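Please read all numbers here as calculations on a predicted model, not as lab measurements.
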Amino acid sequence: MKSKKIWITLVILIMMLLVPLGKVNAASDGYLQKIKDKGTLVVGTSADYPPYEFTVKQSGKTTYVGLDIEIAKKFAKDLGVKLEIKNMNFDSLLVALETHKVDAVISGMNPTPERQKSVDFSNVYYRGKQYMLINKKDAALYKNIHSFKNKTIGAQAGSLQYDLVKKQMKNNQVKGLAKLNDLVIALESGKVNAVAMEEATAKAFAQNNTSLKVINPEFNVDSSQTGSAMAFPKGATSLVQAANKTIAQIKKKNLINKQYIPLAGKYMTNNSKKNSMWNYWTYFAKGIEYTLIITVVSVFFGFILGVLLALLRLSKSKLGKAIATAYIEFVRGTPLMVQVMFVYFGIGAVIQSLPALLAGIIAVSLNSAAYVAEVIRSGIESIPAGQTEAARSLGMSQTLTYRYVIIPQALKNIWPALGNEFITLIKESSIVSIIGVGDLMYQMQLVQSATYKGVIPIFITMVIYFVMTFGLSKVLGYFEGRMKHA
Amino acid sequence: MPNMIEIKNLEKSFGDNQVLKNITEVVKKGQVICVIGPSGSGKSTFLRCLNVLEKPSAGQIIFEGQELTNISEVELNKLRERMGMVFQSFNLFPNMDVINNVKLAPLKVKKDVEEEASQKAGQLLEQVGLADKAEQFPLSLSGGQQQRVAIARALAMDPEVMLFDEPTSALDPEMVGEVLKVMKDLAESGMTMIVVTHEMGFAKEVADQIWFMDEGYIQEKGAPDEFFANPKTSRAKEFLSKIL
């Protein structure tokens, strides 16, 4: 009974700690003032959704364009602040909003009741119909949602279209992917029979790819659930009101249809005109740079931390041993992707200025350290006890013994395993792209969106990764050869 | 002769298994002691307790007046410099060549200067007859050569006593002689030595005293001539009848 009481008290205490935090934010609502104070509006978007948001290359630099971006620009201008765009996966947008990584989300997002539970929406600024993209050769087969039976329909995971397919096309499979580009590749290669997407986007894809066609499958759509709106943190009423003011002006002047969509269309035709891969080499170069930075820095810190963890695990201290073992087991037992998201969104919620690149490097280093620690431990344990005894009998201290006798031999034994870990790191670092770090994987996705080409960027990326890992493998082999003697 | 090592009521257990049971002995300066006995009698453990590679469970080891069982690691390192040890399996460092094996401890522990350490290492290798192998790596040497390097390595710290733990047991028969020769020369130069061995010929010829160990005790000790001709205990008689 007593322990139950303690538990209840504990739970109440925790709730008392948590509840006021939420309340204070909502009640005082300093959101608008805060943005004005820092002079920047940070807007999150998933820039693979033309004509809403996508990227173009302007004088060598990646620029975000599209009708949503134009609205965001006007909103920032109305607030009298600068605009900063953060590009990430559509799935991650609302989390980013809730953890205050971004001030607002504008990404062709439908204000569904489910979403309204966790965030606040502005008024709808644009309402397009729900369309489908199919292969032109199937045009005779598919007319509307009823012409599909036992087919596979693609839709962006977490989107309104995904729900529509699931609920209204019950005798079909639905395949959800994070990126529209991947869905279109799946369509072209026959993995899915159709892709449900928003009218303007579907038309954009069809315009840029002659083998595709749009149809209006006549989904039964509740008008309160369609349309795109800006999302804000729950309780950010001041921001919602300011956004609504901007939206009202845009509607009054009909800016979306008159200016924003035509402008987006112009960017899209420009993009598709010069969509040879060669025009995008700077994207890949940037990606290689980021991937190498992340890998090198993570290898460095991962190795240092790994050595410390290994020594701690081999130490006589029971506490040290327990801590190191627990850390290693936990890190090895959870996916790197979850760790990256936890560092960025979880720790990032405490330290709000934590940049994605740094979060990525921290997560990858911490992850690598666990694996390196085990490799080093196995190396140290592979050295016969006689080596330590010989060194100690000569009067060498524990430290001297490790430094001159154990570690050099261990390093030679574990070099191939360590090399393997570093090569793995180059590849695994691609996971940081989900939090919007501009590594090679992320750049590949940008090129896909910008060029409407799915497979070629993947192939190029694959070759680049291979060149990097093969090069590293050769360098490691050279040093391994030099360590061999007698 | 002054006492070099005093062993008082030494006991050692591994878990429930008591390996050494109350040993009290004295090693005098310049003495060569051969410890013999059947395997499992505790000879190696006894030797390893003398430089505290194994921490005794009870009793005292007093090396030149200094008690070893309750001192700090740093003090212990200092004292180990003065007690050389040679192992059954050589335990040379395979990651460095012969001369660096010999030089490592003088350079890193004694902080000798490079030139001095090299010169001395060269002399020691000369002494064990391996001057021409200085640049080779241990694994390219024969067992006998490796063991002689190990002796040179231990001598490089200028020890006052040398502990040998079955130094010829891992060697092919034709290599035993070269190692025993080096040890004999060392004994003749006046080095205090404690040798755990199965080489009865060597014990007879070189030892000042034989300590016969069985079941965790030193059962019998005496001058070699007397011990081998006329063992007093039934255990020693039984042991000698088996091996001679």
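- A distance-only check finds a donor-acceptor pair linking the side chain of Asn91(B) to the backbone of Gly386(A) [under 3.5 Å].
- Side chains of Met85(B) and Leu394(A) form no contact here, defined as non-hydrogen atoms less than 4.5 Å apart.
- The shortest non-hydrogen separation linking Asn95(B) to Tyr404(A) is ND2-O, 3.4 Å.
- Of the atoms belonging to Met157(B), it is side-chain heavy atoms, and not backbone ones, that fall under 4.5 Å from chain A.
- In this structure, Phe93(B) CZ and Ile383(A) CD1 are separated by 11.5 Å, a value rounded to the nearest 0.5 Å.
- Residue Tyr290(A) places its OH atom among 12 or fewer non-hydrogen atoms of other residues, nucleotides or ligands, all under 6.0 Å distant.
- For Phe301(A), the CZ atom counts as loosely surrounded, since its 6.0 Å shell holds 12 or fewer non-hydrogen atoms of other residues, nucleotides or ligands.
- Looking at Leu400(A), only its side chain comes within 4.5 Å of chain B, counting heavy atoms on both sides.
- For the atom pair OG of Ser397(A) and NZ of Lys108(B), the computed distance is 12.0 Å after rounding to the nearest 0.5 Å.
- Listed by first and then second residue, the salt bridge (charged side-chain N to carboxylate O under 4.0 Å, His left out) pairs that reach into residues 311-324 of chain A are Arg313(A)-Glu374(A), sequence neighbours excluded.
- Residue-environment remark: CD (Gln119(B)) stays at or below the threshold of 12 foreign heavy atoms within 6.0 Å.
- When each of Leu163(B), Val109(B), Val86(B) is checked for heavy-atom pairs under 4.5 Å with chain A, Val109(B) comes out on top.
- In plain terms, the two heavy atoms of Arg153(B) and Ala390(A) that are nearest each other are NH2-CB, 3.4 Å.
- Residue Lys184(B) places its NZ atom among 12 or fewer non-hydrogen atoms of other residues, nucleotides or ligands, all under 6.0 Å distant.
- Most heavy-atom pairs under 4.5 Å with chain A: of the set Asn51(B), Leu53(B), Asp97(B), this distinction falls to Leu53(B).
- Using a 4.5 Å cut-off between heavy atoms, Arg48(B) contacts chain A through its side chain alone, with no backbone atom that close.
- Counting heavy atoms of neighbouring residues, nucleotides and ligands inside a 6.0 Å radius, atom CD of Glu174(B) exceeds 12 of them.
- For Leu79(B), no part sits under 4.5 Å from any heavy atom of chain A, backbone or side chain.
- In this structure, the separation between CZ on Arg392(A) and CD on Glu73(B) is 5.0 Å, given to the nearest 0.5 Å.
- Remark: Glu381(A) CD is packed, more than 12 non-hydrogen atoms of other residues, nucleotides or ligands lying under 6.0 Å away.
- For the pair Gln387(A) (side chain) and Leu92(B) (backbone), a donor-acceptor distance under 3.5 Å is present.
- Atom NZ of Lys181(B) is surrounded by 12 or fewer heavy atoms from other residues, nucleotides or ligands within 6.0 Å.
- Interface remark: Phe87(B) contributes side-chain atoms only to the contact with chain A (heavy atom separation under 4.5 Å).
- Around the OH atom of Tyr478(A), the shell of radius 6.0 Å holds no more than 12 heavy atoms that belong to other residues, nucleotides or ligands.
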